[in-house]
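When reading the values below, keep in mind they use all heavy atoms of this one structure, side chains included, and skip hydrogens, waters and symmetry mates. Below, chain A is the first sequence line, B the second, and so on; all start at residue 1.
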Amino acid sequence: MAKSCPVLPHFALGVLVVAALAIWSVFVGVTDMSIGELWRSGWNDEQVQVLIESRLPRTIALVLAGAAMATSGSILQMLVRNRFAEPSTVGTAEAAKLGFLIVLLLFPEASIPARLAAAAAFAFLTTAFFMRMLRDVPLQSTLVVPLVGILLGGVINAAASFLAYRYDLMQSLASWSNGDFSMILRGRYELLWLSLGMTLLAYVYADRFTVAGLGENISTNLGLRYRSVLTLGLIIVSVSTAVVIVTAGMIPFLGLVVPNLVSLTMGDNVRRTLPWVALLGAGLVLACDIAGRILNAPYEIPVGTMLGVIASGLFLYLLLRKHDRLT
Amino acid sequence: MIAARNLTKAYGAKRVVDDVSLDIPRGGITSVIGPNGAGKSTLLALLSRLLPPTSGSVHVDELDVATAPGDVLARRLSILRQDNHMTARLTVRELVEFGRFPHSKGRLSTEDAQRVDEAIRYLGLEDLSDRFIDEMSGGQRQRAFVAMVLSQDTDYLLMDEPLNSLDMRHAAETMKLIRKIADELDKSFVLVLHDINFASHYSDRIVAMREGAVITHGTPDEIMQTGVLREIFEIDIPIHELDGRRIGLFYR
């Protein structure tokens, strides 16, 4: 709602930095490639093919997934009204994995959209159940919320592991659990455009999510249909999470760290913060992926692992910095 | 006028609000008093559609609270409750801007912006307008929320224990401010108050509740009598008159 003109130059600068990271990301990899070389060789067929089949899809996937997961965290924090909420601390991610697994077992022939719908529905119902549960638990501390959520996720994860172990699907489960973009190829990432749709949808309804973050009473006072906003938000989060999990695997902590960093400096007016959250989410995932490809070349460190290390460090910093802000 | 008819809210067999029929006229300040558990806050929540009643109805002027669209009602009546939960981290100005949400749906017109400025000025928050509400003192935050409902520009403003957790100075300032808004801007307030002396000093009408029922209502002079207060609170409160206002000495 507020005029955002003074920050526009900063945002433009941020976009430039992320664009630079994206270009860098395109030209990092096992096959040597540079713009100059591509130009000199007259767009050599083999290199162009690598570019189109692997490099560009990977970079696009990183940007879309990063933006979507950071946005999901932001929306969840507003809906749950807790700074520690994100898809991997409220059961959403685990439920999506279990959903995929069950569809894979019961309907092995199911189309990708059908699988996705089932996983998103699982994620939606579990997160809704979690929020229903929170209404009944008299919460003494903000830390109780993520603890209950992680507990719920753990139970679901145990069920998923049991099923996966029993039916020899451990590999699938592992690939959903740890974000890794090395397998991204043309034709195997396009679902992620759906998560872009979700991110844009979140922006369209940004004001409603901010009001929801002020609580049910104030939302009702301002004439908002609180339940509808919750439902919409959970759909955005569930679909985004399910899409990211099935294409690249879960990117943990991103939805926790990025919105918190943005909130510290800019507050929680979603209309204003969401562009930053999406941008920084994309930037952080790009940076982690590039680092993961360079540090241990020619092998790769999965982006989920890289991010786990960096983001948990950042998160500890946020946690210890000024505790009263979190309550 | 806010008109409640046979309003009942029951949780299982317990009737928290029990068959309340009440007319709250337009204008001035109406205070709701009563002991803990009398159903004051629940009544306020029922009047403002935060809770659905078990039975009975509420009308705000011609609007039936149960069926009127949320945003239509939000331009007629606002409700402010105490909520200690973490809220979204907004600046004072952003919060007050969201008070215009029922009118603007997020896109502020020039008129909306003007109302926001007025509300901020009215509460003396100009210097704090870019501060985050979670970094302010309880009294300042309270003023920011009052500014939000003020910019909402409704005929009726309902407030549940607006003096809760405020010290003496801020409590008195808040009540003076509410009186000023009621008089100058022609708004109608319904307040849940714990302190009978604030109710006595600042209200035009007092509604007394006990065990879910409205047991009496009237002017402060009618309610502030030892006999009447004994019926409400079950204690003997000597009443003294000071500068034409009645004060109950319940401290002993």
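Residue B:Leu73 does not touch chain A at all, counting heavy-atom pairs closer than 4.5 Å. Using a 4.5 Å cut-off between heavy atoms, B:Arg75 makes no contact with chain A at all. Neither the backbone nor the side chain of B:Val72 comes within less than 4.5 Å of any heavy atom in chain A.
Side-chain contact annotation: B:Glu97 with A:Asn269, donor-acceptor N/O pair under 3.5 Å absent.
At least one donor-acceptor pair under 3.5 Å links the side chain of B:Gln152 to the backbone N or O of A:Asn221.
Among the candidates B:Met148, B:His103, B:Arg49, B:Arg81, the residue making the largest number of heavy-atom pairs closer than 4.5 Å to chain A is B:Arg49. Across A:Val270, A:Thr220, A:Leu222, the residue that shares the most heavy-atom pairs under 4.5 angstrom with chain B is A:Leu222.
Between B:Phe132 and A:Met266 the shortest heavy-atom distance is CZ-C, 3.6 Å.
Interatomic distance, CZ of A:Arg271 versus CD of B:Glu94, reported as 12.0 Å (0.5 Å rounding). A:Asn260 contributes atom CG, which lies 10.0 Å from atom CZ of B:Arg89 (distance to the nearest 0.5 angstrom). For the atom pair B:Leu95 CG and A:Leu214 CG, the distance stands at 6.0 Å (nearest 0.5 Å). Within the model, atoms OG of A:Ser263 and CG of B:Asp134 stand 7.5 Å from one another, a figure rounded to the nearest 0.5 Å. Separation of atoms OG1 (B:Thr91) and CZ (A:Arg272) is listed at 6.5 Å; rounding is to 0.5 Å.
Contact annotation: the side chain of A:Thr210 approaches that of B:Leu90 to within less than 4.5 Å [non-hydrogen atoms, C-beta and beyond].
Residue B:Arg179 qualifies as enclosed at atom CZ: its count of foreign heavy atoms under 6.0 Å is above 12. Around the CZ atom of B:Phe198, the shell of radius 6.0 Å holds more than 12 heavy atoms that belong to other residues, nucleotides or ligands.
Of the candidates B:Leu80, B:Ile79, B:Leu50, B:Leu50 is the only one forming a side-chain contact (heavy atoms from CB on, under 4.5 Å) with A:Asn217.
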Query raised in the report: Step by step, would you call A:Asp207 with B:Phe98 a side-chain contact (heavy atoms from CB on, under 4.5 Å)?
Result: CA-CA 8 Å; A:Asp207 290 325; B:Phe98 276 108; 3.9 Å; yes
